[in-house]
Amino acid sequence: MKTDNANIIRLKDYKKPDYTITQTDLTIKIFDQYTQVESTLYFTKNNEVSGLPELSLNGIDQAIQSIHLDERELFEPSYRYENEVLTLQPTAENFILKSITHIHPNKNTSLEGLYQSGTMICSQCEAEGFRKITFYLDRPDVMAVFTTHIEANRKQYPVLLSNGNPIDQGELADERHFATWHDPFPKPSYLFAAVAGDLVRHDDVFVTQSGREVSLRIFAEAHNAHKTDFAIDSLKRSMSWDEKRYGREYDLDIFMIVASDYFNMGAMENKGLNIFNSAAVLASPETSNDARFDRIEAIVAHEYFHNWSGNRVTCRDWFQLTLKEGLTVYRDSQFTADTHNAAVKRISDVEDLKSAQFSEDAGPNAHPIQPQEYVEINNFYTATVYEKGAEIIRMINTIIGDENFRKGTDLYFDTFDGQAVTTEDFVGCMEKVSSVDFTQFKRWYVQAGTPTVDVSESYDAGTQTYQLSFKQHCKPTPNQPKKLPFVIPVKMALLESNGNEIAIQCDGNFNASTSVLLLTEESTIVSFTGISQKPVASLFRDFSAPVNVNMNYSDEDQILLATKDGNAFNRYNAMQSLYIDVLSVLVKNIQSDIPKSVDTLVLATLEDSGLSNAITSYMVSLPSFAVLRSMFAPVDARALTAAREKLQTHIAKQFESHWQGLAHSLASAQPYEFNAEEAGRRSLHGKALNYWVKAGSLEAITYAEALYRAADNQSDRLNGIGAVLNSEDSERAEKLLAHFYRQWHQDTQMVETWLTLNASQDRFDHKQAAELMTHEAFDFTNPNKVRSVLGVFASNFEAFHAGSDENYQFIAEQIVKLDKINPQIAARFTKILESWRSFTDDRGIPMKKALEYIISTESLSSDVTELVQNALS
Ligand code: BES
Ligand code: ZN
């Protein structure tokens with residue numbers, strides 16, 4: 001059951017707009033108490049429409065000053081403004097509508113539309129925020145050329161920015177000034193941006209492959225000016241990568257990034273004027289660890305890549321969101337893989353997918369990457385649309401090969417440049433260039449749920465034949481009881497006992513040049529011939545499809561895969577399967593012994609000099625709770641915590657001297673450098689230190705504290721303090737946390753990190769969360785601060801799920817409070833509770849009660865209502 005039927009938007013109801021806007025001229029006058037928006041819109045009737053239908057424009061919280069249709073001023077009832085829609089009757093096919101309205105950025109805590117962020121004013125329009133700025137056809141298939149004129153006090157707001165190229169600026173009376181921007185590329189309203197602030201500029205230049213000079217500018221508040229070097233560097237590398245890998249060049253004379261402390265998401269790809277969450281762009285070795293550098297590089301690339309996959313070619317409607325997001329996530333993952341280490345990137349992406357997306361697909365809000373209906377579009381910026389969406393693009397690439405994939409994207413960008421299109425259009429290009437029929441494949445776009453593939457094998461020495469049998473099935477998801485078979489690409493090899501690959505001859509749909517076997521039926525049996533000894537199948541290499549795989553490998557085979565598979569991802573994956581097998585036994589009986597194979601494989605990993613530090617670090621890491629919980633559903637949170645703790649302590653103690661040795665040998669006194677090699681070293685260093693401390697010696701924890709204190713970079717600092725926080729020594733943890741805050745309380749990113757460190761302690765609970773929220777460092781209106789405390793607490797499985805069940809009611813109360821401030825963020829927090837059915841009753845029932853509490857409160861947003869109702873139904 002969804003909310004009110006009338007509020008459901010359906011893909012099947014899509015209709016072209018009756019009118020479109022070709023030109024949009026905005027004048028934004030910023031005053032202390034309000035902002036006046038004057039918009040002049042040039043309308044044309046869609047020539048497929050007969051007569052002159054009424055015009056309905058979106059508009060939220062618009063205080064109307066005047067409305068003119070062509071030269072004539074309109075008064076009510078010539079126009080009506082109700083339920084966030086302005087309706088009026090045009091009198092010609094082409095007309096100009098001029099509206100003057102007042103809005104209040106300083107009261108706008110939703111951080112959508114025009115809002116105040118610290119001392120600056122900035123905008124966020126995707127998906128439907130533009131209607132909070134002015135009346136508009138606020139939908140992506142209406143594309144106009146924008147000219148934006150901003151006026152404000154010169155002292156308070158010396159910098160005035162909008163999309164496109166600057167065309168004019170000057171002084172005005174009363175110490176005010178103005179700037180005018182023109183964006184020649186027609187764009188939907190969601191890509192509009194405006195910024196006014198007192199900002200410092202970091203300038204650079206990029207010369208495109210065709211020799212055009214592009215000015216690059218990053219704007220930040222003065223105290224952050226020293227943190228923009230890395231983003232500029234990432235931007236230049238992204239620009240040249242997109243030229244080489246996709247032949248895509250930048251198109252305007254200027255590309256700008258603005259850092260904002262108050263931002264709902266990571267960043268936004270507004271044409272020529274990206275706006276970033278400060279945390280996703282500002283970096284320095286002193287305040288950002290390797291993971292943060294990774295993230296910043298990826299987000300800068302992602303938003304830049306949208307200039308083609310999203311802006312030049314955009315979405316027809318919001319059901320096509322994965323068209324731009326899935327493709328762009330895929331593109332940014334390729335950029336990271338090419339720049340650093342492909343196996344490491346793949347491992348980390350698959351961990352993210354399994355922890356966030358698989359659970360979404362198994363829960364009450366499961367939806368296909370192309371949803372068929374929604375109440376609130378903001379609720380569909382999900383791991384499914386993004387990460388699973390990227391996996392679908394990846395499978396297309398896997399199936400048709402790199403050369404055809406590039407031909408396909410070329411055709412897509414060239415054919416649809418300047419248009420608002422659909423996922424069908426994209427897949428159509430891939431079909432054309434490859435001559436592969438994607439009809440069945442397109443089920444991935446409309447069927448939700450994670451398929452499971454059961455694999456079994458048999459070997460016949462007499463005929464030298466090896467058989468693999470695959471069976472796929474997919475559990476029902478909301479409104480989809482039955483699924484049709486998916487097209488599943490299995491990248492594979494058959495290995496001899498020394499790990500060598502056997503040349504494949506088989507009767508399956510196997511492509512020898514890509515090593516990909518295609519499954520299209522519910523059940524597939526493939527016979528491999530000329531096999532003189534039973535091989536070991538290395539399947540789903542590089543995680544070639546977003547599925548769960550069940551294959552009962554013998555211990556011997558699993559050891560072979562974990563130690564000798566030529567595919568680094570599958571080596572890692574074999575280790576993870578072993579840990580999962582062990583944990584599933586321990587969850588049932590915590591007394592059971594840990595099998596010798598764990599020791600064998602951890603030792604083999606630690607002694608394998610052929611592995612990079614980064615891969616070793618992943619191989620000795622246990623699966624996260626986020627990954628485990630969906631595998632053990634219905635999960636007993638306390639039993640799982642105890643099981644994981646036991647296995648971790650076992651590995652820590654068993655290899656104590658190894659961890660100690662690594663903690664020493666991997667330390668470095670060299671200046672911080674961010675690259676794959678160094679980040680890998682630091683990752684394994686931190687991992688080893690954690691295990692060493694877990695083994696329990698005073699020497700280890702003293703070493704960790706010393707690392708923290710001596711660190712001149714954030715990676716070492718967090719490795720040090722992290723190991724202390726994970727230890728039993730709570731006094732030392734307190735002391736270091738207090739020291740951290742004293743040292744860094746003036747740095748916004750460091751304060752966020754400090755809140756995160758607090759909330760990620762094993763011992764954290766709702767009382768401490770409540771107390772932390774009264775600290776001067778906390779701010780309920782700032783999404784980063786809220787995420788740093790509540791988001792981190794809720795994903796701290798040991799503290800949140802294995803701790804007091806009052807944690808659930810606490811989070812529910814915070815969601816209700818937050819909903820009044822920022823519904824988009826509040827809705828994201830309901831995900832914490834939605835999976836109540838995947839827990840045993842001791843957790844599941846209080847989780848459900850917390851959801852019922854939320855839904856029982858008054859005037860909830862549609863954002864929260866949609867998700868909570870689904871979770872309870
Ligand atoms: N277009 C989105 C930002 C966005 C999302 C705006 C939802 C409004 C509502 C942007 O391109 C994006 O996807 N950002 C991601 C980061 C990216 C690296 C996946 C984000 O903000 O988390
Ligand atoms: Zn994006």
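Nothing fancy with the numbering, it's 1 onward along the sequence. Owing to the predicted nature of the structure, the values given are computational and were not obtained by experimental measurement. Each ligand, and each atom within it, is numbered from 1 in the order the structure gives.
- Counting atoms of ligand 1 from 1 in the listed order, those under 4.0 Å from a heavy atom of Ile299 are 18 (C).
- In this pair, Tyr381 and Trp318 present their aromatic rings tilted. The plane angle is within the 30 to 60° band.
- Relative orientation of the Phe800 and Phe793 rings is perpendicular, given thresholds of 30° and 60° on the angle between their planes.
- Between Phe778 and Phe780, the two ring planes are tilted [angle within 30° to 60°].
- For the pair Arg292 and Glu297, the salt-bridge criterion is not met [side-chain N within less than 4.0 Å of a carboxylate O].
- Heavy-atom contacts of Tyr381 reach the following atoms of ligand 1: 5 (C), 7 (C), 9 (C) (cutoff under 4.0 Å).
- For the pair Tyr386 and ligand 1, the shortest N or O to N or O distance falls below 3.5 Å.
- Of all the atoms in ligand 1, the ones that sit under 4.0 Å from a non-hydrogen atom of His306 are 11 (O).
- The protein non-hydrogen atom at the shortest distance from atom 20 (C) of ligand 1 is Gly266 N, 3.4 Å.
- With the Zn ion (ligand 2) as the vertex, OE2 of Glu325 and NE2 of His302 span 160° to the nearest 10°.
- Of the heavy atoms in Ala267, only backbone atoms (N, CA, C, O) come closer than 4.0 Å to ligand 1.
- For the residue pair Ser110 and Asn108, a side-chain donor N or O sits within less than 3.5 Å of a side-chain acceptor on the partner.
- At a 4.0 Å heavy-atom cut-off, ligand 1 touches Glu269 through the side chain alone.
- Checked against the 6.0 Å centroid criterion, the rings of Phe405 and Tyr330 qualify as a close aromatic pair.
- Inspection of the Thr382 and His367 side chains reveals an N or O donor paired with an N or O acceptor under 3.5 Å.
- Annotation for ligand 1: atoms under 4.0 Å from non-hydrogen atoms of Met268 are 1 (N), 3 (C), 6 (C).
- In this pair, Phe358 and Phe543 present their aromatic rings tilted. The plane angle is within the 30 to 60° band.
- Of the options Glu303, Glu387, Met265, His302, the smallest heavy-atom separation from atom 14 (N) of ligand 1 is shown by Glu303.
- At least one heavy atom of Gln124 sits under 4.0 Å from some atom of ligand 1.
- If you number the atoms of ligand 1 from 1 as listed, the ones under 4.0 Å from a heavy atom of Lys324 come out as 1 (N).
- Counting the atoms of ligand 1 from 1 in the order shown, those under 4.0 Å from a heavy atom of Glu126 are 1 (N), 2 (C), 3 (C), 4 (C), 6 (C), 8 (C), 9 (C).
- With a 6.0 Å cutoff to the six-membered ring centre and a 45° limit on the axis angle, Lys187 counts as a cation-pi contact of Phe146.
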